[in-house]
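See below for the structure under consideration.
Computed from heavy atoms alone, side chains included, the values below leave out hydrogens, waters and symmetry copies. Values in this document were obtained by computation on a predicted structure and should not be read as measured data.
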Amino acid sequence: MTVSGKQPFEVILEMLRMMVDRKASDLFISVGFPPAMKVDGQVTPISEHVFNELETKAFARALMSDKQLASFEATKECNFAIAPAGIGRFRASAYFDQNGAGLVLRTINTKIPTLDELGLPPILKDVAMSARGLVMDLSLNVRAFLSQRLVPCESGKGRVAAFEIMLDSPLIKDMIFKGEVHQIKDLMTRSVELGMQTFDKALFDLYQARIISYESALRFADSANDLRLHIKLEPGGRKPERSGDASDLQVM
């Protein structure tokens with residue numbers, strides 16, 4: 001079977017090259033739908049051609065070894081990795097559903113990005129090099145608690161992470177021990193010099209750096225009203241590019 005005069009393996013390679021060029025994380029191939037890729041969290045078709053069952057099965061089989069193909073036919077699923085020369089590495093998941101064979105390919109990044117390339121706060125370099133402790137949960141034994149929210153970039157291209165960082169200061173430990181968890185956020189706001197950061201502070205900095213929009217900053221904030229006031233009162237800071245008072249803007 002061919003697709004537009006090309007063999008299935010050739011078509012797959014073309015789509016994988018497109019994945020790399022567009023920095024897509026996933027490629028989806030399924031019966032009754034055109035091929036689609038996920039880029040920056042958004043799934044978008046890359047062709048108007050709708051695949052039929054013969055085509056999707058041919059794609060899955062074209063990537064498998066004889067052993068993998070036998071397992072796929074027997075169990076109706078198969079997970080494996082491929083590394084086409086000059087393209088990259090990908091994790092493949094082939095499956096059968098009620099419509100027929102399907103295939104999902106995910107990019108495997110071979111280069112581990114640095115903390116600077118990830119845009120992580122500098123304090124995490126010290127936390128990561130700590131000899132003891134965990135960076136994972138809210139307890140008396142943690143070194144730090146880190147969480148993130150992915151916020152759309154103002155440019156419309158991609159998303160950026162807003163980080164909240166809580167470190168194991170004596171006051172934080174005391175609050176956890178006493179069960180005064182509700183006071184931790186306020187303490188973090190007053191502990192910026194220690195390297196702590198709330199989501200709202202991260203969003204404020206991203207907005208001031210013109211990385212995210214005013215609307216996105218408020219939408220992802222824990223307290224939109226507090227963040228709105230912070231932006232409004234910041235001396236010499238960036239203000240919403242709208243007429244009227246910033247406090248008039250509504251947050252949904």
Practice item. Consider only side-chain heavy atoms of I, L, V, M, F, W and Y, link residues closer than 4.5 Å, and tell whether I29 and F9 are in one cluster. Key: yes
Practice item. Identify the two heavy atoms, one from T56 and one from S30, that lie closest to each other, and give their separation to 0.1 Å. Key: CG2-C, 3.7 Å
Check your understanding: For the residue pair M15 and P35, what are the closest heavy atoms and their distance?
Key -> SD-CB, 3.8 Å
**Study point:** Single-linkage hydrophobic cluster I231~I212, side-chain heavy atoms < 4.5 angstrom
**Key:** yes
Revision key, fill the gap. Correct closest heavy-atom pair for M196 and L167 would be CE-O, 3.6 Å
Exercise for review: Of all the heavy-atom pairs spanning A221 and L227, show the shortest one and how long it is.
Suggested key: CB-CD2, 3.8 Å
Review point. Do K38 and T44 pass the side-chain contact (heavy atoms from CB on, under 4.5 Å) test, and can you show the C-alpha distance, the side-chain angles, and the key distance before you say yes or no?
Key: CA-CA 6 Å; K38 181 185 288 187; T44 306; over 6 Å; no
Review point. Given the rule that I, L, V, M, F, W and Y join up when any side-chain heavy atoms are under 4.5 Å apart, are F199 and V160 in one cluster?
Key: no
**Study point:** Any donor-acceptor pair under 3.5 Å from T189 side chain to K185 backbone
**Key:** yes
Point to revise | 4.5 Å side-chain heavy-atom contact, R238 and R210 | key: yes
Point to revise | NZ/NE/NH1/NH2 to OD/OE distance under 4.0 Å, E234 and K239 | key: no
Point to revise | OG1 on T198 to CD1 on I184, rounded to 0.5 Å | key: 13.5 Å
Check your understanding: Of all residues at least two apart in sequence or in a different chain, which pass the ring-ring contact (aromatic ring centres under 6.0 Å, His included) check with F96?
Key -> F72
**Study point:** Residue pairs fulfilling salt bridge (charged side-chain N to carboxylate O under 4.0 Å, His left out) with at least one residue in residues 75-95, sequence neighbours excluded
**Key:** none
Check your understanding: Between Y207 and Y214, is the ring centre distance below 6.0 Å?
Key -> yes
Practice item. Answer yes or no: is there an ion pair linking D205 with K201, defined by an N-O contact shorter than 4.0 Å? Key: yes
Practice item. Please report the C-alpha distance between F90 and V20 in whole Å, then the side-chain angles of each, then the deciding distance to 0.1 Å, and finally whether the side-chain contact (heavy atoms from CB on, under 4.5 Å) criterion is met. Key: CA-CA 10 Å; F90 306 87; V20 174; 4.0 Å; yes
Point to revise | Parallel, tilted or perpendicular: rings of F59 and F51 (30°, 60°) | key: perpendicular
Exercise for review: With rounding to the nearest 0.5 Å, note down the distance linking CZ in F163 to CG in L206.
Suggested key: 9.5 Å
Check your understanding: I82 pairs by side-chain contact (heavy atoms from CB on, under 4.5 Å) with which of I87, L105, I108?
Key -> L105
Practice item. Starting at CD of Q183, measure out to CE of M175 and round the result to the nearest 0.5 Å. Key: 4.5 Å
Point to revise | R149 bridged to D222 by N-O distance under 4.0 Å | key: yes
Check your understanding: Are R61 and E73 within salt-bridge range, i.e. N to O under 4.0 Å?
Key -> yes
**Study point:** Derivation and outcome, side-chain contact (heavy atoms from CB on, under 4.5 Å), residues M37 and K23
**Key:** CA-CA 10 Å; M37 291 181 184; K23 295 181 172 57; over 6 Å; no
Review point. Is it true that atom CG of D66 has more than 12 heavy atoms of other residues, nucleotides or ligands lying nearer than 6.0 Å?
Key: no
Review point. Side-chain heavy atoms under 4.5 angstrom apart, residues restricted to Ile, Leu, Val, Met, Phe, Trp, Tyr: same cluster for F33 and V31?
Key: no
Study note, to complete from the structure: Looking only at heavy atoms, the pair that brings M64 and A94 closest together is CE-CB, 3.4 Å
Review point. Charged N to carboxylate O under 4.0 angstrom, D26 versus R106?
Key: yes
**Study point:** Spacing of CG belonging to L218 relative to CD belonging to E215, to within rounding of 0.5 Å
**Key:** 7.5 Å
Review point. Taking atom CD of Q197 and atom CG of L203, what is their separation to the nearest 0.5 Å?
Key: 9.0 Å
Point to revise | Shortest non-hydrogen separation from A162 to A202 and the atoms involved | key: CB-CB, 4.1 Å
Practice item. List, by chain and number, the other hydrophobic cluster members for V104, where Ile, Leu, Val, Met, Phe, Trp and Tyr join if side-chain heavy atoms come within less than 4.5 Å, directly or indirectly. Key: F28, V43, Y95
Exercise for review: Give a yes or no on whether the backbone of E164 and the side-chain of Q148 come within a donor-acceptor separation of less than 3.5 Å.
Suggested key: no
**Study point:** Approximate separation, where rounding is to 0.5 Å, of E53 CD and E55 CD
**Key:** 11.0 Å
Exercise for review: Please assess R190 against D186 for the test salt bridge (Lys or Arg N to Asp or Glu O under 4.0 Å), listing each intermediate value before the final yes or no.
Suggested key: CA-CA 7 Å; R190 294 183 281 108; D186 181 62; 3.1 Å; yes
**Study point:** Side-chain heavy atoms of I46 within contact of M18, under 4.5 Å
**Key:** yes
Exercise for review: For side-chain contact (heavy atoms from CB on, under 4.5 Å), just list the numbers for T107 and L27, CA-CA rounded to whole Å, side-chain angles, deciding distance to a tenth of an Å, and then say yes or no.
Suggested key: CA-CA 9 Å; T107 302; L27 169 65; over 6 Å; no
Practice item. State yes or no: do L171 and I165 share one hydrophobic cluster built from I, L, V, M, F, W and Y residues joined by side-chain heavy-atom distances below 4.5 Å, directly or via other members? Key: yes
Practice item. Check whether more than 12 heavy atoms from other residues, nucleotides or ligands sit under 6.0 Å from atom CD of Q42, and answer yes or no. Key: no
**Study point:** Whether D200 side chain and A224 backbone form a donor-acceptor pair below 3.5 Å
**Key:** no
